[in-house]
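Below is one structure, written out as structure tokens, with a few remarks after it.
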Protein chains: 2
Amino acid sequence: MRTKSESRRNTILDAAFQVFLENGFSAASMSEISARVGGSKATLYSYFASKEELFVAVIHQFADDQFAELLGMLDLQADLAVALEEFGACFIKLVSHPDLIRMYRNVVGESSHSEIGRMFYARGPQELHKEVSLFLQQCMAQGKLRQADSHIAAQHLVGLLYAEMRDATLFGILENPAETAIQAASQRAIEVFLRGYAVPGTVIT
Amino acid sequence: MRTKSESRRNTILDAAFQVFLENGFSAASMSEISARVGGSKATLYSYFASKEELFVAVIHQFADDQFAELLGMLDLQADLAVALEEFGACFIKLVSHPDLIRMYRNVVGESSHSEIGRMFYARGPQELHKEVSLFLQQCMAQGKLRQADSHIAAQHLVGLLYAEMRDATLFGILENPAETAIQAASQRAIEVFLRGYAVPGTVIT
DNA sequence: TTTTAGTAATACTGTACAGTACGGTTTAGT
DNA sequence: ACTAAACCGTACTGTACAGTATTACTAAAA
């Protein structure tokens, strides 16, 4: 007898990702997804019980994929400013990528009438926050940063990194910022962060 | 003969606001809006040519209403830290208000397939940014803050204010934070901001 | 009073789509 | 080869809703 294959499931997930990306949740149609998979709608529904369930699966995989690369890239050995600037540039690059922006919009758009927002948050931003928070805590212990609540500091760091481009990308004013612009924004953010969390006794230059 | 009244238009706008708030753009129905207005659908369409046009009108009025109260509340005479903390608390309170969050989600959700995002940005965040930026520029001129690009500084300030609660409110983890929590978050953000933009020569404590 | 634009109530058109039903077909394990 | 599950294609059901059309009613302006 035949068995449902994992690869088929992934094919569906890929097609669904495309369609959701292009149309958003409500405007995406299950017929189009199944058409793009190449199979029939019945098959689709044998893998995923509903449109919403499929969307959730897509979001989960997407969050896992995207945020994975950022996790663990903070290096305690390296110079703090350099490490943070590199991390910052990667972060900004990720969160201003057109695909992520579109998915982000879709997730946010659905957050009023479902659990999708919470799920996405837990898998993406939340995970990242933990990582950054832990890193900063260790920096504080090493005396590279002043003593403070590392959770708040992590949020401040990410907030500063978001600061220059978040609204502009979300609302469609800015798309695909240049690598150099990203690095510059990261540097500016990190400079302010490091000043804000400098150890006591430091003299501002 | 009869004339289309401004008050009727506003009634429609109010009802539409409610319905869009509760359901989001695509799930909201024109029939329900007209039912809530009390009139007929034809009347609705005589005031607004389409669902999208009505939504745009709602967004515009909403943005104007909401951001107006924040504009001009930055006082150059007052102590800088106090002025910023008060402004910050008002800002956070505004952007974490359940109604604004829901509308924000709706606007962001529609930003992939229309100009709505750009319109909203221009009327809300953009206006606010100008104001904050101007204020900070004057502070720099007065020597209260170090010399820097005031536009970037404004974005950093707002980014820090958003930092603790933005994702949590957008994704539905946090709703209606307490006044005290808001004030505390504002204080922490302003502290980091003031350290980050302190004038040269200041010794960190 | 007589126009005339505005309004109401309601029915209708056209379309789009989620989800199902079903008969025939392919694939893999036995 | 046999068989059971997965699969295809396609048609179908039911529903929901944007936008229009119709007809009759109402209020203000001439």
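Naming convention: chains lettered A, B, ... in sequence-line order (proteins, then strands); numbering from 1 in each chain. Computed from a prediction, not measured in an experiment: that's the story for all the values here.
Side-chain proximity of B:S40 to the nucleotides C:dA8, D:dG9, D:dA18 is greatest for C:dA8.
For A:R146 and A:Y197, the positive end sits near the middle of the six-membered ring, less than 6.0 Å away and at most 45° from its axis. Note that B:R166 lies in the cation-pi zone of B:Y162, set by a 6.0 Å cut-off to the ring centre and a 45° limit from the axis.
Looking at residues two or more places apart in sequence or on another chain, you find a side-chain contact (heavy atoms from CB on, under 4.5 Å) between A:V199 and A:T202. B:D99 is linked by a side-chain contact (heavy atoms from CB on, under 4.5 Å) to B:L21, B:H97, counting only residues two or more places apart in sequence or in another chain. In terms of the side-chain contact (heavy atoms from CB on, under 4.5 Å) criterion, residue partners of B:E179 (sequence neighbours excluded) are, by chain and number, B:K93, B:Q183.
As a whole-Å value, the separation of A:R9 CZ from D:dC7 P is 13 Å. Between the P atom of D:dG19 and the CD1 atom of B:I33 lies a distance of 11 Å, rounded to the nearest Å. Rounded to whole Å, atom C1' of D:dC8 lies 17 Å from atom OH of A:Y45. Rounded to whole Å, atom C1' of D:dA11 lies 18 Å from atom CE of A:M30.
We find that A:R123 and A:E127 are not joined by a salt bridge, their nearest charged nitrogen and carboxylate oxygen being 4.0 Å or further apart. A salt bridge links B:E22 with B:R36; the closest basic N to acidic carboxylate O contact falls under 4.0 Å.
The base of D:dG9 lies outside donor-acceptor range of the side chain of A:K41, with no N or O pair under 3.5 Å.
Contacts between residues 21-29 of chain A and DNA chain C, counted as heavy-atom distances below 4.0 Å, involve A:A28, A:S29. Of the residues in residues 47-58 of chain A, those with a non-hydrogen atom less than 4.0 angstrom from any atom of DNA chain D are A:Y47.
Here the straight-line distance linking atom CD1 of B:I33 with atom CG of B:L54 works out to 5.0 Å at 0.5 Å rounding.
Judged by distance alone, with hydrogens and angles left aside, the side-chain atoms of B:S186 form a donor-acceptor pair with the main-chain N or O of B:E85 at under 3.5 Å.
At least one side-chain heavy atom of B:S96 sits under 4.5 Å from a side-chain heavy atom of B:I182.
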Protein N or O to nucleotides 22-25 of chain C N or O, pairs below 3.5 Å:
none

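Phosphate contact (OP1/OP2 of D:dC8, side-chain N/O of A:T43, threshold under 4.0 Å): present. A sub-4.0 Å separation between OP1 or OP2 of C:dA8 and a side-chain N or O of B:R8 is present.
The residue among A:E32 and A:T3 whose nearest nucleotide of DNA chain C is located toward the 5' end is A:E32.
In the model, B:S46 has no side-chain atom that pairs as donor or acceptor with a side-chain atom of B:T43 under 3.5 Å.
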